[in-house]
Amino acid sequence: MKVSNLSYLLLFFGCSIGCTEKPEPGKQILVTEGFSNEALDAYWLYLPKNYSERRKWPMIMFLQGGDASASPTPNTVKNGGPVNYMLKQHQALPDSFIIVNPHMRTGTMEQRQWYKNADGLIQIINQTIKNNHADPGRIYLTGQSRGGHGTWGIAKRFPEKLAAIVPIAGAITCKSNCEKLADLPMWIIHNEGDPVVDHGYPQTTVNYLESELGRSFLKTSNLDISEKMKSKSIFTTFDSDEHGGAASKAYAEPKLYNWLLANKKSLN
């Protein structure tokens, strides 16, 4: 009995010092250790309600937009993007994803761009693969506004890590490295009259990818792609003059998540 009590004490104190905490399925925890980057200080980790370590799980990394992405507290990114709708069980969305919401420390806009911290984000992805059974063949990246810029920038730097991307209201130029996007499945979403990030950014990029890299985009004005779910190249333009709103429409739509799940990267 004494040995048993001692074992429990050793287990308790050992885990309080060195074990990685895991969230309950259907919940989030804040992770602050295991990666090294001067700008990134934490990320929120969500596991689906039916999570089990006996299988690998698709993973979504969401990049927050605006000042919330780099703020004094990580709470500003906690409920951003897809996880907000999963937690609310919105429209019976497929709760099949590990979801990670990273956070940046405060600083100038030049310093705190997601794409300038791509190495740190890849560390977080690798950590989630190792610690939480994320499937390396089903890693999806999405973000809105500044997070949309980051989605594009990270995809250009590390396309081999991603199974698909969903940049929303994001800016991109194809002055360099766009050839790396030749085969990466993408669903681009933007408001036509966006006054903050001009619709011309994704339109020019789509033109480049079609004319220079031979891609053919399914162009839509809504998210109903049921008949063409297997399309690897989608460009959705909403009839709106707002900067916001495109993301909330997208992340509340089950078809978006079903499209992600239809894209799996072959690992050689």
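Expressed to the nearest 0.5 Å, how far OG1 of T204 lies from CD1 of I172 amounts to 10.5 Å. For the atom pair S216 OG and L209 CG, the distance stands at 11.5 Å (nearest 0.5 Å). The OG atom of S96 lies 5.5 Å from the CG atom of L261; values are rounded to the nearest 0.5 Å. Rounding to the nearest 0.5 angstrom, the gap separating the CD atom in E192 from the CG atom in D198 is 10.5 Å. Going from atom OG1 of T151 over to atom CE of M186 covers 11.0 Å, rounded to the nearest 0.5 Å. Distance OH/Y140 to NZ/K264: 8.5 Å, rounded to 0.5 Å.
For the pair V100/I60, no side-chain contact is recorded, criterion being any heavy-atom separation below 4.5 Å from C-beta on. Residues I125 and M59 form a side-chain contact, since some pair of their non-hydrogen atoms from C-beta on lies under 4.5 Å apart. Looking at K78 and N101, their side chains never come closer than 4.5 Å, going by heavy atoms from C-beta outward. With a 4.5 Å cut-off on side-chain heavy atoms, E253 and W259 do not count as touching. The shortest side-chain heavy-atom distance between I29 and W44 does not fall under the 4.5 Å cut-off. Side-chain contact between I189 and L223: present, with at least one pair of heavy atoms (C-beta onward) separated by less than 4.5 Å. Here the side chains of F217 and I188 are in contact, with some heavy-atom distance below 4.5 Å. Side-chain contact between S221 and T237: absent, with no pair of heavy atoms (C-beta onward) separated by less than 4.5 Å.
Residues K232 and N263 approach most closely at NZ-OD1, 2.8 Å, considering heavy atoms. Annotation for V77 and P102: closest pair CG2-O, 3.6 Å, computed over non-hydrogen atoms. A155 and L162 get closest at one heavy-atom pair: CA-CD1, 3.9 Å. Of all non-hydrogen atoms in K255 and S226, the two that sit nearest each other are CE-OG, 2.8 Å. Residue Y251 comes nearest to P82 through the heavy atom pair CD2-CG, 3.7 Å, listed as atom of the first residue, atom of the second, then distance. The two residues N79 and N84 come nearest to each other via the heavy atoms O-CB, 3.0 Å.
Judged by distance alone, with hydrogens and angles left aside, the side-chain atoms of N117 form no donor-acceptor pair with the main-chain N or O of G120 at under 3.5 Å. Side-chain N or O atoms of W114 include one that pairs as donor or acceptor with a backbone N or O of Q64 at under 3.5 Å. Between the side chain of R157 and the main chain of N177, no donor-acceptor pair closer than 3.5 Å is present. When atom types are taken as modelled, the side chain of R105 and the backbone of E38 share a donor-acceptor pair closer than 3.5 angstrom. Using a distance-only test at 3.5 Å, with no hydrogens or angles considered, no donor-acceptor pair links the side chain of S145 to the main chain of G147. Proximity of a side-chain donor or acceptor of Q123 to a complementary backbone N or O of S36 within less than 3.5 Å is detected. With hydrogens and angles ignored, the 3.5 Å screen pairs a side-chain donor or acceptor of N37 with a backbone N or O of A39. Looking at Y46, its side chain never comes within 3.5 Å of a backbone N or O of Q28 through a donor-acceptor pair.
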| Can you list the steps and then say if L30 with L45 is a side-chain contact (heavy atoms from CB on, under 4.5 Å)? | CA-CA 6 Å; L30 185 66; L45 172 67; over 6 Å; no

| request: Please test D67 against R146 for salt bridge (Lys or Arg N to Asp or Glu O under 4.0 Å), starting from the C-alpha separation and ending with a verdict. | output: CA-CA 9 Å; D67 293 337; R146 190 191 304 194; 3.8 Å; yes

| request: Under the side-chain contact (heavy atoms from CB on, under 4.5 Å) rule, what do K161 and I122 come out as? Steps first, then yes or no, please. | output: CA-CA 8 Å; K161 295 293 292 187; I122 296 301; 4.0 Å; yes

| request: Check step by step if side-chain contact (heavy atoms from CB on, under 4.5 Å) holds for L63 and I154. | output: CA-CA 11 Å; L63 304 181; I154 292 156; 3.8 Å; yes

| Where do M104 and D41 land on the side-chain contact (heavy atoms from CB on, under 4.5 Å) test, with the steps shown first? | CA-CA 6 Å; M104 291 185 284; D41 62 349; 5.9 Å; no

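Residues in residues 144-167 take part in no ring-ring contact (aromatic ring centres under 6.0 Å, His included) pair, two or more places apart or across chains. Residue pairs meeting the disulfide (SG to SG under 2.5 Å) criterion with at least one partner in residues 223-268, sequence neighbours excluded, are absent. Pairs engaging residues 121-161 under the disulfide (SG to SG under 2.5 Å) rule: none recorded [sequence neighbours left out]. Among pairs with a residue in residues 226-268, none fulfils disulfide (SG to SG under 2.5 Å), at least two apart in sequence or across chains. The disulfide (SG to SG under 2.5 Å) contacts involving residues 141-229 comprise C174-C178, where partners must be two or more places apart or lie in separate chains.
Residue I234 is not grouped with residue Y201 when hydrophobic side chains (ILVMFWY) are merged at heavy-atom distances under 4.5 angstrom, including chains of intermediate members. Follow the hydrophobic side-chain contacts under 4.5 Å out from W187 and you never reach V197; the two are in separate clusters. Residues F235 and L213 fall within the same hydrophobic cluster, defined by Ile, Leu, Val, Met, Phe, Trp and Tyr side chains chained together at heavy-atom separations under 4.5 Å.
Take W57 and apply the ring pair (Phe, Tyr, Trp, His ring centres under 6.0 Å) test, not counting sequence neighbours, and it matches Y51. The side chain to side chain contact (heavy atoms under 4.5 Å, CB included) search around K130 returns none, not counting sequence neighbours. Under the rule for a salt bridge (Lys or Arg N to Asp or Glu O under 4.0 Å), the partners of K49 that lie at least two apart in sequence or sit in another chain are D95. The salt bridge (Lys or Arg N to Asp or Glu O under 4.0 Å) search around K27 returns none, not counting sequence neighbours. Applying the side chain to side chain donor-acceptor pair (under 3.5 Å) rule to N222 yields no partners; only residues at least two apart in sequence or on another chain are considered. By the salt bridge (Lys or Arg N to Asp or Glu O under 4.0 Å) test, E179 is found to be paired with no residue, residues two or more places apart in sequence or in another chain being considered. Residues satisfying the salt bridge (Lys or Arg N to Asp or Glu O under 4.0 Å) criterion with E160, sequence neighbours excluded, are absent altogether.
A side-chain donor from one of Q127 and Y43 sits under 3.5 Å from a side-chain acceptor of the other. Side-chain polar atoms of D194 and H199 form no donor-acceptor pair below 3.5 angstrom. Judged purely by distance below 3.5 Å, without hydrogens or angles, the side chains of H103 and S69 never pair a donor atom with an acceptor atom. There is a side-chain donor-acceptor pair under 3.5 Å between N207 and Q203.
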